[in-house]
Amino acid sequence: MGIVGRIGLRLLQIVPTVALVAVLMFALMRLLPGDPAIQLLGDRATDASLARLRHEMGFDRSVSAQFWSYLEHVATLRLGDSITMHVPVTRLILDRLPITLMLTGMATVLALLIAVPLAFVAALREGGAVDLAIRMLGQVGLSMPVFYLGLILLITLAAGLGWFPVGGIGGGFVENLYYLFLPALTLALSLAMVLMRNLREALIEVLHAEFVQFATAKGLRRRLVLGRHVLRNALVPTVTLLGLQIGSLVGGAVITESVFAIPGVGRLMIDSIFARDYAVVQGLTIVLAVLVSLVFLLVDTVQGLLDPRQEAA
Amino acid sequence: MSEVAAAAPALAGAATPGRTRRLPRLRPGPLLGAAIVLLLLVCAVAPDWVAPYSPLKFDYRGTLRPPSWAHPFGTDNFGRDILSRVIWATRIDMQIAIFSTLFPAVFGTVAGCLVGYFGGVADLLFRRLVDLVVTVPFLVLVIAIVAVLGPGLVNMYVAVSAVGWIFYARLMRGEILAQKRRDYAAAGRVMGYGWPRIVFRHLLPNAISPVLVFWMTDMALCILLGSSLGYLGLGAQPPTAEWGVLIADGKNFMTTAWWMSIFPGMAIVLAGIGFSLLGDGVAALVRRR
Amino acid sequence: MIQRRQALKGLAGLMAGSFAATTLSGGARAASVTRGGTFTFARAADCLYLDPVHTAQNADIWISLNLYDTLIQPTADGKGLEPGLAESYAVSEDGKEVTLKIRPGLKFADGSPLALSDIKWSLDRARDKATGGDFQFLLEAIGEVVLAPPATVVLKMSHPDPAILEALATFNAGIMSEKLVMAAPGADLEAKSKSFAEHPVGSGPFVLGAWTHNTEMVLTRNPHYWKDGVDGEKLPYLDRVRFLIIPDDATRILKLRAGEIDGTEFVPFSRVAELKADPKLDMVLYPSAKVIYFNLNNRPTFKDGRKNPMADVRVRQALNHATDKAALIQVLSYGFGTPQQTYMPTSTPYAYAHGEPYPYDVAKAKKLLADAGYAKGFTVSCMALAGNVDDVAQLSALQQMWGEVGVQVKIKQLENATRLTRFKAGDYEMRTSLWTNDIKDPNEITSYFAYYPTVHSNRSGFRDTTIEALFEASQKELDPKKREAQYTEIQQRYIAAAPIVFLLEVPYPIALARKVRDFVQIPLGNNIFLNTHLEG
C-alpha cells in the first residue's frame, strides 16, 4: 500500500475513534453526580424554575432518548447551544480553538527548540558535569506545577520587568505571538524536559549502537554521523512521545489558560465540566478528538519517513 | 560483517563494545538518586520522627514568619511550621508517585510487549483503544473520572491507572516493534527459542530503558498531576498536607512570603531529581546487561 | 464594627481624592470632572444571563442596574432610596396603593421612547409566577399595575407590603422595552427574552457593547440616560466600562499592579494589607451585606438514616460556643471581618445587633455536649467547595477548635454541582456557606433562613411555628415600630435555637487605580459605574 493509501485508511479509522470518544464522554457526563439545573440556577432557585430549565434542556427525558438525539445531532454536525452561555457551541469553539492551537503550537516549537540542543549536548557529554547540570535543570523545569511556573514568569518577566503583558490575548496574529509567548513557554518547559530526557536516553543508546561505532570507525565525519545516523534514529521515540504528549499539552493548557487569563478551549472544557454544560463538553470532546487523531496521523507519517523500516505499524 | 554476526554479541548479553564492556561501577549520579529516594522514604514512613512540629498546629501569633532557626522553612499564614508540613507531605506524595504509576508501568509494559510482538487482531484493538484514550486530554479525562468517583486520592489512583497504562504500552510497543526487526530477534527465532523467551529475555531488556526513564519521569509527573487536582480540590483532602497543595496555598503569598511556596516546590524538584537519577542508573544497568 | 469604620475610611479617602463636591449621592455644586475614557475592571467570573428577571447569580445581579434602570434607586451608600425613573413616589396610608410619577422624556439606550406601557409590561412580567423567575416573590404583593397617563403609574396592592419601595429598587424590577424584547427572534416570550438577553438594550446608564463569554464584556455609555452629572450634563461620565474575566486572583492583582487594568474585585484578604501600602492604588473595603456561616442539618436523622446529634439544640449551641470566631476572622479575613451577630448582615434594617450571640467558651461547650449525652463528642462531615482556599482554611481551623470538645470534623470537598444538589436534597451534615442580601429589607433573608415553608429554613430542617406566624404578620405590617418588634422576636428565637454556626461578616475588597473616582459597590453588592470618572 502506498503512503497515500495508508493515510486514507488512517483518516477512515478516525471516524470510529471519534464516535467512541463521543459515546465515552456522553456516558461520563451522565455519570457525574449533581444536577446541571441546580448548578446553573443556584440553590436559591425555585422548583418551578428548575423544572422549566430541565425541560428546556431536555434533561427530563430518559437518558436513552437524550442519547439518541445526541447521536443524531453529532451525525448532522449540530452541536447545540451552551446551557450556561446561551450561545451555539460551534461559535464558542470557533472563537476559542484558534487561540489554543496557537498556544500549543508555539509550545511545541519552543519545547523542541529547547529539548533537542540540550539533549544533544547532554548525550555527547554523558556522565559529565555538563550532562548533570542539564539534567538537574531539566528536573527543576519538570517538577514545577504549571500554575506556579506561570506565576513566577508573570511576576518576574511581565509584572516585574515589563517585557511581556500580564496575561490576556492581543488583537491579531502578530500581537498574539507576543501575548502568548510566556504562556507557551510555561507550557513548553515541562514538555521540553520530558522530551529532552527521552531524546538524551535514545541518543545515548544510538551512540552506543554498533552501526554508529562502525560508521565512526569507518572514518565518516563525526558531524555527518551525528546528523544522519544518530539524530535520525533517536528521533523515532521522541516523535512518538511528542505525539503522546499532545493530549497532556492540551491538559496543561487548561491550567495555563486560567493563570494567564487566555480564552482558549482548555479553560472552556474545565469550566464546562464543572458547570455540567453537557453540550459544550460533548461538542468540544469531539472536536478535540478529531484534532488529536489528525496529530497522531501526522506523527505516524513522520515516523514512517524517519524510519522507513517501520511500516505503518 | 554479516548482519547476523553483528547481532550475535547483543544476544549473548554483552551489549556494546568499548566503554560499557568494563565492569559496572557505582557512579555518583545513581547513588545520589538512591540516597534522595531513601531520604524521602524515611520521611514518608516516619514523619513524626523527622518533623520538629505538628503539621497541623495553628499559631495565630506566629503567622508568616520568615525562615529562622526555630522554623527553618518559616511558617505559613496560620503559623504552621512549613518544614513539618513539607515532611508530612512526603508520605502522601510518595503514595501518589508509587500508587499511580505501579499498575500502569507493569501492566502497560507487558501489554505493550505482547501486542508489539504478536501484532494481529490484538494489536489492532489495542491501537483503537490507544486512539480512543489519547484523543481525550489526559487531565480532562482524569478530572472527569475523579468527578464521577468523587474527589480523593484513591479515586485519583484509579483514574490515573485506568488511563495511564496506555502510555507505557504504546511506548513499549513502539520499542518492541523496532527491536523485533533487529537482527538478534530474528536470530532468536532462527535458533528456535519460544516467544516468552524472545520477548521477555531478549526484546524486553533491550527495549525497556525508555520505559524505565519514562516511569521515573512519570512519578514526578503524577506528583504534579496530584497537585493540579489538589489545586482544583479533587486530590488530597485537607488537612492532609501535600506538596502541590502547599504550593497552591502559597500562591497568593508569592510576593510577600516566598518561603510558603518555594520550599514545597524544592521538595518536588528534589523528589524528581532523585527519581530521575535512580531511573538513569537503572536504565544504564539494564543496558549494560 | 472595625470593618465598617475601616471601610468608611477607605470611602472617605476615595471621596477626598475626588474633590469634595463630587459626593456619592450627587452633590449640587458644580465641579470639574473629567468626562470620557474607558474603565477596565477585572472580574473573577463572567455574567451568564443579562435578563433582570431570570438572573440568579451574583455576577449577573451585581451588574444588572447598569443596564436596566429601576423606578426607584438605592442611594450610593446603599442606606436609603432615591428617585429613579420615577421622579417621585408615595405609598398610601393603608398601604394598598403605590403612586409613581414617571419622568418625562425617558428613552431607552437605542433612542426609542420609554412608555408607561413598558413599565407595566416589565413589572407584570417580573411579578407573574409563571414568568417572574426566582425573585418574583419580592413583587408578589402587587395586585395590578394601573397606568394613569400622561405620567403616573399606580400599583394596586393585593395586600400591604412594607418592603414594596425597596423591591422596586431591586434588579428584577428593572425596566425593559416591550417592543425591543418582542422584536427579538424567538417563537414565544421565553425564547424572545433569551435571545434579547444576548444583545440587551435597556434603560440603564450603560448598554452592552460587545460580549465574548468568559473573556470580555464591554458596556458603552447610554447617550439617552436621564440623570445629570455634577457638571450639569448627562451621566454617565465614562465612555466605556470594559470587564475582563480573569478567574485567578493572583493574575488579576498582577495585572492591576502592572497598570494594565484600572480595578479588580474579590481581592483576597491576604493581599489587602500589601495593596493598601501601594501608593499607586486605592484598596477599598466597601461595607457589605454579606455573612459567612456554617449551615447545620437540624433534622432528627441524616438522609442515610443515622441519628443526627445536631438535632439537639444543646449540641448546636455547644458547636457555636466551641467556635473561636476571633481566630476565624483572622483566618478568613485577616482581621478585616467582624463577628456575625444574628443571621442577617448588620446593615439589614431591624438587624438584632447585640454582640456575638455565642462567645468562644470551651468549658460551656463541653458542658452542653455532656448534657446532651455527647460528652465524648461525635464525628461530623462538612461539605466544602472543591478548590476553594477559604473553605479549606476555615475548616482546617475548625477541625482544631472542635477537636478540643471531642467533635471530629471530616472535610468533604465536592464540586459545586454535586454540593448544591446534595444540599437541596437535605443530604448533608453541615456545609460552609455565605449569603448576600439582594434587597435592603430583612424579608428576603428571613424567608430563606427562618421561615420553614420557603426552603425548609435554608435547607436545615429547622422549624419554629412562632417564627412563621411572626414573619407572616411582619410581611403585612406597615408600622415600622411593630415590624421591628416582630423581627426582634424572630431573631431572638432564631439565635436561641442556633440552627447555624454564626461566624462573621466581611466587606467587599476592591482594589482600584488612583485615577478611578466614585466607583461604588453598595452593600447589596451592586457595582455602580454611574458616577465613576477617571482623573489624571
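Chain letters run A, B, ... following the sequence lines, proteins first, then strands; residues in each count from 1.
- Using a 4.5 Å cut-off between heavy atoms, B:Leu124 makes no contact with chain A at all.
- With chain A as partner, the option from B:Val130, B:Leu141, B:Ile247, B:Leu225 having the largest number of non-hydrogen pairs under 4.5 angstrom is B:Ile247.
- Note: B:Ser261 leads B:Gly250, B:Ala144, B:Gly116, B:Ser261 in heavy-atom pairs under 4.5 Å with chain A.
- At most 12 heavy atoms of other shown residues, nucleotides or ligands fall within 6.0 angstrom of atom CZ in A:Arg125.
- Note that CD1 of B:Ile143 and CD1 of A:Ile273 are 6.0 Å apart. Values are rounded to the nearest 0.5 Å.
- Between B:Met254 and A:Ile152 the shortest side-chain heavy-atom distance falls below 4.5 Å.
- B:Met266 CE: 12 or fewer foreign heavy atoms inside a 6.0 Å radius.
- Residue A:Thr17 touches chain B through both its backbone and its side chain, counting heavy-atom pairs closer than 4.5 Å.
- Heavy atoms of A:Ile155 lying under 4.5 Å from chain B belong exclusively to its side chain.
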